[in-house]
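Here's the structure, in structure tokens; my notes come after.
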Amino acid sequence: MTTDDDALIAAAREAATRSYSPYSRFPVGAALRFADGRVVTGTNVENASYGLALCAETVAAARAMADGLRGGLEAVAVTGPGAQPITPCGRCRQVLNELAALGGTDPLILCVGESEVRRMRLSALLPEAFGPASLD
């Protein structure tokens, strides 16, 4: 692990402290690192109408897009409670793929647990993904 990865994980853990998860009680934090050094965070935001909940990764990706970031996604850290590392859900994998595709990157995904970090590329989590190039 690099110092940059440690800082990204710390940012995701900090984001999780701001989770609004009164129903699942499963606070998740995400942090996205871009080539220019910027880090954008997000946390899960639940809703009484369960289907309207937003995952941490989706919130972070939306914040990045709102800030005009359209390329250079290098790494993503995802943290949650419990001992086991967590991975982005299918929807979040697709959202991250869209952001990564805009810059032609295959970001490193750090799936963080209590004492274990699984490192994998987005393409391994979402093989043969549908993205902007699929519409040509």
Is [Y] reachable from [X] through a run of hydrophobic residues whose side-chain heavy atoms are each under 4.5 Å from the next?
| X | Y | answer |
| --- | --- | --- |
| Y50 | F26 | no |
| L96 | L8 | no |
| V45 | L32 | no |
| V117 | V39 | yes |

Side chain to side chain, [X] and [Y], heavy atoms closer than 4.5 Å:
| X | Y | result |
| --- | --- | --- |
| I86 | T79 | no |
| I9 | L110 | yes |
| F34 | L99 | yes |
| V40 | L69 | yes |

Taking all non-hydrogen atoms of both residues into account, name the closest pair between [X] and [Y] and its distance.
| X | Y | answer |
| --- | --- | --- |
| A31 | A11 | CB-CB, 3.9 Å |
| A64 | R70 | O-NH1, 4.5 Å |
| A16 | G29 | CB-N, 3.5 Å |
| A15 | G42 | CB-O, 3.4 Å |
| R13 | G113 | NH2-O, 3.2 Å |
| P107 | A75 | CB-N, 4.0 Å |

message: Side chains of R118 and T87 only: does a donor on one sit below 3.5 Å from an acceptor on the other?
response: no
- prompt: Do T41 and E14 have side-chain atoms, one donor and one acceptor, less than 3.5 Å apart?
  reply: no
Drop me the distance from [X]'s [atom1] to [Y]'s [atom2], to the nearest 0.5 angstrom.
| X | Y | atom1 | atom2 | result |
| --- | --- | --- | --- | --- |
| R18 | T43 | CZ | OG1 | 7.0 Å |
| S123 | E128 | OG | CD | 11.0 Å |
| L108 | E74 | CG | CD | 10.0 Å |
| S24 | E46 | OG | CD | 3.5 Å |
| M65 | E98 | CE | CD | 6.5 Å |

- request: Give the intermediate values and the outcome of side chain to side chain contact (heavy atoms under 4.5 Å, CB included) for residues I109 and R119.
  value: CA-CA 6 Å; I109 309 297; R119 302 165 54 90; over 6 Å; no
Do side-chain atoms of [X] reach the backbone of [Y] as a donor and acceptor pair under 3.5 angstrom?
| X | Y | result |
| --- | --- | --- |
| E57 | R93 | no |
| N47 | S49 | yes |
| N44 | P27 | no |

- prompt: Is it the case that more than 12 heavy atoms not belonging to R121 sit under 6.0 Å from its CZ atom?
  reply: yes
task: Could you please spell out the steps behind the side chain to side chain contact (heavy atoms under 4.5 Å, CB included) verdict for F130 and N97?
output: CA-CA 8 Å; F130 183 88; N97 180 70; over 6 Å; no
message: Quick check on side chain to side chain contact (heavy atoms under 4.5 Å, CB included): which of L122, L126, V95, V78 does P88 satisfy it with?
response: V78
task: Begin from the C-alpha positions of T58 and R63 and carry the test side chain to side chain contact (heavy atoms under 4.5 Å, CB included) through to its verdict.
output: CA-CA 9 Å; T58 297; R63 286 181 71 190; over 6 Å; no
- request: Using a strict 4.0 Å threshold on nitrogen-to-oxygen distance, state whether R33 and D5 make a salt bridge.
  value: yes
